[in-house]
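Step one of this worksheet: look at the structure below.
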Amino acid sequence: MNSSIIGQDWFQNTLLSNQPEIEKSKVLAVNNIQAKARNQLKHLVMPNRKQETWRYTDLNSLYEKMFKLNDRKTIDAIDVDEWIFPEQESYRLVMVNGRFNPQLSSLEGLSDRIIISAFSQLSAELQFDAARILQTINSFESDAFAQMNRSLFSDGFYIHVPKNTWIEKPIEIAYVNHSSDDQVLSQPSSLIILENDAQAKVVERYMSLDEAEYFFNGTSDIVLKKNAHLKHYRIQQESHNAYHLSRVALKQKNGSIYKNVNLALGGCWSRMDIQTAFEGQQASCDLQGVYTVRDQQYNDIHIDVKHQQPNCTSQEKFRGIIHGKGRAVFDGRILVSKDAQKTDAQLSNKNLLLVDDAEINTKPQLEIYADDVKCSHGTTVGKINPEHMFYLRARGIPEDQAYRMLCLGFAEQVLEAIEDKPIQNYIHGLLSNLL
Amino acid sequence: MLSIKDLHVSVEGKDILKGLNLEVKPGEVHAIMGPNGSGKSTMAHILAGRDGYELIKGSILYQDQDLFDLSVEERAQRGIFLAMQYPVELPGVNNMTFLKESMNSIRRVNGQDELDAVAFMKLVKEKAALVELPEKLLKRDVNSGFSGGEKKRNEILQMALLEPKLGILDETDSGLDIDALRVVANGVNALRSPQRSMIVVTHYQRLLDYIKPDVVHVLANGRIVRSGGHSLALELEEKGYGWILEEDAA
Amino acid sequence: MSATTETIEQLIDHGYVAGFVTNIDAETFEPGLDEDVIRRISLIKREPEWMTQLRIQAYQDWLNMVPPDWAHLKIPAIDFQTISYYSAPKKKGDGPKSLDEIDPEILDTYNKLGIPLEEQKALAGIAVDAVFDSVSVATTFREKLSEAGVIFCSMSEALQEHPDLVRKYFASVVPHKDNFFAALNAAVFSDGTFVYIPPNVRCPMELSTYFRINESNTGQFERTLIIADEGSYVSYLEGCTAPQRDENQLHAAVVELVALGDATIKYSTVQNWYPGDEQGRGGIYNFVTKRGDCRGDRAHISWTQVETGSAITWKYPSCILRGNDSVGEFYSVAVTKGLQQADTGTKMIHMGRNTRSTVVSKGISAGKAHNTYRGLVRIARRAEHARNHTQCDSLLIGDRCGAHTYPYIEVKNPSADVEHEATTSKISEDQLFYCQQRGLDEEAAISMIVNGFCKEVLKELPMEFAVEARKLLNVTLEGAVG
């Protein structure tokens with residue numbers, strides 16, 4: 001059977017079986033989001049490999065499974081023992097199997113001008129505000145998975161930083177999943193808004209407590225107003241059985257700066273989509289990342305950077321280390337519209353392919369409609385240079401250590417740009433354990 | 001040769017030149033010195049015809065003709081040569097081809113026969129030796145992968161080939177070490193002649209130890225605030241620009 | 001700044017110099033396509049039964065296929081029933097045995113295009129097969145070539161005289177089911193060029209085909225098959241022009257190259273089909289399937305193309321690197337201006353060990369044109385130590401055009417080494433000023449920069465062709481002086 005029909009069934013079943021779990025919200029705007037998405041889904045062709053954006057994605061293995069929203073209203077007594085920042089020096093938000101966990105979260109010392117909260121904890125008035133904004137942004141309109149996220153909208157996080165406010169402490173968000181009776185469908189939505197001249201640092205971590213099999217289907221919407229500055233780290237370190245699909249939609253006003261680092265390490269099936277759009281001039285967007293692939297793993301990064309305004313800068317820099325018999329996909333597009341003169345956009349994707357029977361598909365694209373631009377993309381696929389290997393070994397370094405050093409050195413081209421030492425150290429640790 | 005009268009020029013609404021006057025006679029070498037941002041490079045670019053500058057008032061006569069009536073290439077064809085501070089790279093364009101095209105287009109306009117390949121080669125090699133430019137650089141793309149010093153020598157080589165009537169050197173000394181400076185200056189000196197005038201724009205006195213100017217001007221706040229002999233340059237080196245600016249303000 | 005843009009736009013707004021029509025008596029089919037038309041083409045050409053069957057099969061399959069829609073092109077719907085599928089100059093008797101029998105109007109046409117067919121006047125060292133609408137009208141230097149054992153003739157003749165060779169290789173590189181236009185071509189192809197180079201022969205001269213569409217409302221569906229047997233070498237050139245007409249004309253060719261062990265084929269194209277007028281009226285739809293198969297070890301296939309014409313170009317000359325140590329190359333300059341659209345690139349399919357490929361693509365876009373590079377580099381699982389280097393550069397002139405780059409890279413072997421680089425830029429004001437300050441006028445400056453931009457590709461063309469290509473680029477972008 002062809003995958004578009006399988007997809008059709010899968011979406012329908014997932015929606016029907018989970019519908020009852022969705023409580024009717026007291027806030028009309030939230031109901032509207034759900035209803036609108038359900039309607040939108042009716043008009044969409046379900047993702048299948050004939051569509052260019054899903055060309056290299058193995059959807060059938062996902063469509064074979066059924067996932068259920070976590071119905072337990074009680075709070076799991078779990079323990080997250082691995083935090084990047086000490087409790088006093090950060091704000092923490094925790095979601096377990098798709099439900100907010102206030103016990104594990106901590107927002108001590110947070111000024112009441114700033115909102116850092118789960119949607120479910122917001123006042124009706126703020127829920128209404130947030131839902132309205134989400135409706136206006138209307139990101140990933142034609143992506144069925146995003147619309148499924150909205151149709152079954154349950155919870156997520158809302159971060160709102162007012163004008164001129166700099167949040168010094170990082171906000172560390174943990175999306176934790178663990179085994180449950182059903183295969184859990186975890187689908188948070190978050191919304192981050194930085195008003196003019198505001199600054200913040202957000203770390204989102206996707207993790208598993210055991211070898212749980214579940215489907216994480218999350219969406220983050222980010223709006224940066226004039227001269228706002230957001231550092232955004234995303235670390236996907238899930239179990240070998242996890243299905244991970246996450247999306248970021250970014251909108252940037254004049255002079256705003258977005259710096260983003262993505263680590264895609266875990267899961268048996270993982271795809272990250274990032275879409276950015278400039279809505280003002282002189283803004284800059286920096287997307288970087290490292291992805292790894294071990295045996296039987298599929299890891300996919302999709303980036304879509306839209307330059308619709310003049311004088312903006314974007315950089316994408318991704319490094320892939322394929323060290324097992326799996327498959328990696330990188331699809332990065334830079335679109336420069338007619339009016340986006342003086343655009344400076346650079347994309348670089350390099351891959352280390354270390355084993356037989358692995359596969360990498362990379363597709364960097366430039367679509368340019370303006371003439372006064374500086375755009376380039378570069379991509380490479382290669383192995384470890386045997387001369388480098390020889391050099392290290394000739395200096396007495398054992399082969400496996402030399403191998404690890406060279407792989408880490410390759411990832412270092414991205415990691416060195418991380419300005420937050422604790423994050424850099426943490427990621428280093430993750431990668432050296434992995435390779 | 002060149003007569004600039006009460007020249008006022010602005011860039012994007014900002015006044016850069018505010019009443020510049022300058023007279024250059026055939027055979028003279030004039031040095032234009034001045035602090036950063038005083039308008040020295042602007043003046044050099046305007047003489048060559050670079051656009052992006054707005055003429056507010058004033059005039060420039062070159063060989064009794066209004067310079068503003070002439071396009072960039074017409075000025076070049078009539079003997080104005082600008083050695084640039086940052087020579088442009090032309091990827092894929094062979095240096096030799098470029099020199100030949102340039103030279104022949106100027107010869108054509110001036111009613112001279114175009115040089116054939118053999119005569120041209122001979123001439124280029126001779127002139128390249130003058131500026132100690134390795135012959136292999138002639139075969140490369142224009143300025144691509146040239147060091148800073150090589151780019152400047154390539155500029156002087158072009159000047160030697162094109163034999164301009166008015167040579168303008170825009171901060172040709174910037175970024176050069178002492179050996180390269182000497183080579184460039186020797187090349188320039190070899191081109192001095194009673195028919196050829198030169199304007200040497202520089203921030204430092206150093207270059208003028210090698211290229212002895214007839215007149216030194218200090219350009220500040222968009223005007224020539226003082227003119228004198230070589231000794232003025234030495235005085236500037238010793239005391240900096242501050243005192244002149246103060247005197248000018250007083 | 002605006003002055004610069006204006007001048008450039010005036011410069012690129014030039015006339016098409018090959019746009020004249022030749023008045024000759026032609027035998028032209030009524031427009032329309034059905035099995036009967038195909039049988040008639042086959043009958044006229046006195047083809048063997050297997051070829052007729054192949055055509056019919058291709059036609060049946062074509063009926064169930066749809067035109068490709070994935071390219072970055074806006075293609076108006078084509079009504080295939082309004083096209084005439086066969087047109088040939090009326091022959092005196094049984095086909096031209098010598099130049100004397102060719103209609104002088106046709107000889108004159110080729111003379112006007114700078115391709116004299118009289119051997120004494122011809123460019124030294126180049127043999128020409130001249131294809132006029134649907135048929136080959138003359139092939140020069142045949143005797144000299146046959147001394148070396150080289151077969152160089154029209155496809156129709158090859159089917160008569162070398163049926164076994166044709167049958168062995170025909171459609172073996174591009175099967176008729178490959179794509180919509182390849183299927184159409186297999187069904188209705190009228191003529192084309194056949195080349196066979198025997199083992200260990202270095203073809204003593206450059207071979208070339210010159211395609212000319214003359215008749216209105218006709219499509220041109222030629223078929224080229226080049227076989228380089230073991231250890232042989234051939235360099236082949238292809239040129240194309242068409243008259244200026246208000247309606248669009250379809251050109252759907254298929255080119256198949258087979259290089260056996262240690263053989264080399266260099267295939268160069270200078271394509272200058274009529275591009276249509278400023279309003280986008282008329283022009284050739286150039287939907288071409290070109291593919292080379294490196295069937296033996298150390299085989300080498302090199303594509304070089306300079307594409308300045310056609311209203312729409314859809315073409316991806318490709319290499320299948322089957323033999324170990326085989327080499328594939330693709331060098332391309334594609335210029336689009338006015339309302340032209342081009343979606344072109346290559347596929348390098350690495351299957352053998354130590355296979356190498358190089359892709360250099362230079363796209364120049366002006367006016368409201370869109371220029372797309374689309375390329376696939378695939379390293380199969382067994383292709384140990386395969387290497388690819390791709391360089392794609394785009395140059396933009398004016399602010400209403402577009403340049404797009406879509407490389408697909410699929411690697412299944414860890415020993416591969418694949419590099420892709422792309423840049424997009426415009427001719428900078430600084431570069432123009434620098435050249436003008438050295439006395440070059442704007443036209444000369446642009447010409448020099450554009451030729452510099454294309455240099456890596458132009459140097460791959462045989463000398464005579466490089467000169468022509470350079471001229472064509474200058475005419476296309478700078479307009480004739482005066």
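This is a predicted model, so every value here is computed, not measured. Below, chains carry the letters A, B, ... as their sequence lines are ordered, and counting in each starts from 1.
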field: Choice from Arg438(C), Glu456(C), Gln436(C), Lys455(C) maximising heavy atom contacts with chain B below 4.5 Å
entry: Arg438(C)
Report which part of [X] has an atom under 4.5 Å of a heavy atom belonging to chain C: side chain, backbone, both, or neither.
X: Glu89(B); result: backbone
X: Asp141(B); result: side chain
X: Leu82(B); result: both
X: Leu99(B); result: neither
X: Pro87(B); result: both

message: Under a plain distance cut-off of 3.5 Å, with no hydrogens placed, do Gln305(C) and Thr344(C) share a side-chain donor-acceptor pair?
response: yes
query: side chain to side chain donor-acceptor pair (under 3.5 Å) between Asp393(C) and Gln391(C): does it pass, once the steps are laid out?
result: CA-CA 7 Å; Asp393(C) 298 315; Gln391(C) 175 73 47; 2.8 Å; yes
query: Among Met84(B), Arg75(B), Gln77(B), which has the most heavy-atom pairs under 4.5 Å with chain C?
result: Met84(B)
field: Basic-acidic side-chain contact under 4.0 Å: Arg387(C), Asp417(C)
entry: no
message: Do the side chains of Lys5(B) and Glu23(B) get close enough for a salt bridge, i.e. N-O under 4.0 angstrom?
response: yes
- prompt: Any residues in residues 105-123 of chain B near chain C, with a heavy-atom distance under 4.5 Å, and which are they?
  reply: Ser105(B), Ile106(B)
field: Arg50(B) to Tyr53(B), cation-pi by 6.0 Å centre distance and 45° axis angle
entry: no
- prompt: With a distance cut-off below 6.0 Å to the six-membered ring centre and an angular limit of 45° from the axis, does Lys362(C) pair with Phe453(C) as a cation-pi contact?
  reply: yes
- request: Check whether Cys435(C) gets within reach of chain B through its side chain, its backbone, both or neither, counting any heavy atom under 4.5 Å.
  value: both
message: Using 0.5 Å steps for rounding, measure from the CZ atom of Phe98(B) to the CG atom of Asn154(B).
response: 8.5 Å
statement: In this structure, CE of Met448(C) is separated from CD of Glu101(B) (nearest 0.5 Å) by 4.5 Å
message: Tell me every residue that passes ring pair (Phe, Tyr, Trp, His ring centres under 6.0 Å) with His300(C), counting only those two or more places apart in sequence or in another chain.
response: none
- prompt: Given the side-chain rings of Trp303(C) and Tyr267(C), with only the six-membered ring counted for Trp, is the space between their centroids under 6.0 Å?
  reply: yes
